[in-house]
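By convention here, the first residue in the shown sequence is residue 1.
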Amino acid sequence: SGAMEGKSSAKKKKVRTTNPPAEEAVTAAAASLLTEDLILEILSRLPARSVHRFKCVSPAWRDLIADPAHRKKLPQPLAGFLYSTYHGPDHRFYNFHFAKVPGGAAQPVDPSLSFLPSHEYWYVDQLDTCNGLLLCRAHKFPSSPSGDDDDPLEYHYIVCNPATGRWVGIPALPPVPAGRRVIARLAFDPAVPSHFHVLQFEDTEQDKYITGVTIYSSQTGAWNYRESRLPEKISLFAGLTSVFFQGMLHLYGLLYPVNTDYDAVLVAVDMEGKVWKTIGVPSGGLSFGLIGVSQRCLHYAATPLAPDDKKKKKKRKKKTDEDTTTVWYMKDYDSKEWVLKHSVSYDELRSMTGGEYRVAAFHPDCDTIFLDSFDADTLSSYDMQHRKFHRIRSLRKNKAAIFLPYVPLFSDSFAGVDRQ
């Protein structure tokens with residue numbers, strides 16, 4: 001009884017400050033009245049950037065937030081990006097790397113995913129990330145020792161948590177029929193940590209528009225096919241990230257057939273494959289489009305093609321709005337109305353960077369975008385509020401276009417899920 005009482009008392013101990021400055025006395029006094037459990041409960045509901053700021057309240061708060069035992073409860077900052085290069089000896093496979101960003105986790109992510117059984121898989125392809133989980137396509141060893149490039153490789157999907165090393169295998173689907181292409185993406189809500197979905201979209205090889213989606217639910221352990229309910233014919237971009245937002249997975253695509261207005265749209269589908277939506281995006285002419293979530297709002301960015309590339313597409317007589325990189329956000333998701341957040345001209349951005357860049361990702365917690373260079377193999381950040389450019393790090397050569405944002409998740413995301 002005494003041990004239990006001592007344990008309960010320890011859990012409710014007060015967090016006290018030490019000699020705060022006079023101007024912070026009121027804040028410190030209020031903070032000292034909160035128990036550790038209450039502080040953690042409050043912080044768990046805040047964005048990661050706000051949690052980081054609360055480290056400055058006092059040394060006790062700093063230690064409380066930094067304690068590894070509390071990582072499961074508290075939101076984590078963006079650690080960096082997983083990306084791939086295609087200069088390996090086998091043209092079918094990519095090499096994978098991790099680019100850490102300032103303020104990220106102290107321990108970098110191991111892009112080799114060494115916790116997976118190497119004796120079972122010949123090659124593991126990293127496809128998508130969603131709120132701390134990673135979707136992979138795991139290829140088994142080829143049936144012939146030579147591993148002929150023309151031999152189809154048997155594979156199935158894996159969902160793993162790089163922060164904890166936990167992973168689950170997903171039952172394999174039948175082979176894709178000839179003339180079909182598939183794009184697989186992940187949907188996961190940390191508020192329901194034991195439940196995730198994998199969506200495999202199918203399209204026609206010749207026309208490349210969506211015909212349907214097969215959805216796996218970790219709750220049922222089964223795949224279900226749903227035909228597309230889109231009235232339009234839409235082709236998805238395979239080399240871009242998706243966004244899970246408001247219970248729906250959003251992907252970037254083009255209306256088919258493509259006309260000169262470059263009709264880009266977002267395709268949204270719910271986790272049962274019953275609700276399908278299309279959302280128009282601001283027209284930016286010939287550009288690189290990107291979607292993401294930042295500060296709990298859906299975002300869209302359009303980076304114009306470099307002038308030399310545009311001249312190959314069409315002749316330009318004078319500068320237009322198509323020379324401007326624009327960032328938009330949807331303040332009210334139900335209204336589907338985009339609001340312009342920021343714009344920067346091609347000339348201004350080039351004067352800051354000294355090269356060609358495109359928007360590669362959004363920071364989840366602030367008005368910062370990440371830029372990928374076309375010609376210098378570098379990852380940089382751009383603070384939209386202060387219009388400041390910062391070069392973060394060099395990247396490997398021959399990189400692919402997709403950058404998978406990674407935010408560590410330390411909770412047990414596979415509780416109750418059977419490992420296949």
Side-chain angles (χ1 to χ4, degrees), residues 82 84 92-94 96 109-143 152-177 180-203 210-227 236 238 241-244 247-251 269-274 402 404 406 409 411-420:
L82 289 158
S84 58
R92 294 174 295 178
F93 304 147
Y94 290 88
F96 295 94
V109 176
D110 177 11
S112 69
L113 306 180
S114 56
F115 51 82
L116 295 178
S118 58
H119 63 279
E120 290 187 28
Y121 303 119
W122 186 33
Y123 169 73
V124 178
D125 193 9
Q126 299 172 17
L127 304 177
D128 193 22
T129 55
C130 187
N131 293 317
L133 298 188
L134 172 64
L135 174 65
C136 302
R137 183 167 47 214
H139 300 265
K140 296 188 175 181
F141 284 92
S143 54
L153 295 176
E154 182 182 351
Y155 70 85
H156 67 95
Y157 295 112
I158 283 176
V159 175
C160 66
N161 185 338
T164 63
R166 297 286 304 277
W167 63 278
V168 292
I170 297 174
L173 284 169
V176 179
R180 298 273 178 166
R181 181 187 66 157
V182 297
I183 299 172
R185 293 294 181 261
L186 177 64
F188 170 66
D189 183 357
V192 190
S194 62
H195 195 190
F196 63 84
H197 293 85
V198 176
L199 294 84
Q200 178 178 277
F201 293 87
E202 294 184 10
D203 64 18
I210 306 170
T211 56
V213 62
T214 306
I215 303 175
Y216 174 82
S217 167
S218 63
Q219 192 172 45
T220 65
W223 291 93
N224 286 295
Y225 178 77
R226 295 284 188 265
E227 289 187 357
L236 295 178
T241 55
S242 60
V243 169
F244 183 55
M248 303 188 76
L249 189 71
H250 299 71
L251 303 97
V269 59
D270 75 336
M271 296 302 97
E272 295 184 357
K274 295 180 180 179
I402 189 169
L404 301 177
Y406 177 68
L409 178 71
S411 62
D412 188 1
S413 48
F414 299 123
V417 179
D418 293 331
R419 196 176 100 171
Q420 303 295 327

Euclidean distance, T211 OG1 relative to R180 CZ, rounded to 0.5 Å: 4.0 Å
Exercise: identify the closest heavy-atom pair between I158 and G169: CG1-CA, 4.2 Å
For the student: nearest non-hydrogen atoms of P162 and V109, plus distance: CB-CG1, 4.1 Å
Min side-chain heavy-atom separation W223-V198 under 4.5 Å: yes
Atom pair OH (Y216) and CG (L199), whose distance is rounded to the nearest 0.5 Å: 13.0 Å
Donor-acceptor contact present, side-chain N131 to main-chain P190, <3.5 Å: no
Contacts of Y157 that satisfy side-chain hydrogen bond (donor to acceptor under 3.5 Å, both in side chains) - sequence neighbours left out: Q200
Minimum-distance pair of heavy atoms, taken over all atoms of C136 and V124: CB-CG1, 3.5 Å
Sidechain-backbone polar pair: E120 side chain, A138 backbone, donor-acceptor under 3.5 Å: no
Shortest non-hydrogen contact between L236 and R181, atoms and distance: O-NH2, 3.2 Å
N/O donor-acceptor pair under 3.5 Å between H250 side chain and V243 backbone: yes
Contacts of D110 that satisfy side-chain hydrogen bond (donor to acceptor under 3.5 Å, both in side chains) - sequence neighbours left out: S112, S114
Distance (rounded to the nearest 0.5 Å) between D128 CG and I183 CD1: 11.0 Å
Beyond-backbone contact of L249 with F201, side-chain heavy atoms, under 4.5 angstrom: yes
Closest heavy-atom pair and its distance - Y406, G132: CE1-O, 3.7 Å
Distance (rounded to the nearest 0.5 Å) between F196 CZ and L186 CG: 7.5 Å
Close side-chain approach of Y94 and Y123, heavy atoms under 4.5 Å: yes
Minimum side-chain heavy-atom gap L135-L133 below 4.5 Å: no
Nearest-0.5 Å distance, CZ of residue R185 to OG1 of residue T129: 10.0 Å
Heavy-atom pair of closest approach, residues A187 and F244: CB-CD1, 3.6 Å
Distance in Å, C160 SG paired with L113 CG, rounded so as to fall on 0.5 Å steps: 5.0 Å
Within-4.5 Å side-chain heavy-atom neighbours: W167 and P117: yes
Within-4.5 Å side-chain heavy-atom neighbours: E272 and N224: no
Qualifying residues under side-chain contact (heavy atoms from CB on, under 4.5 Å), relative to A172, sequence neighbours excluded: H156
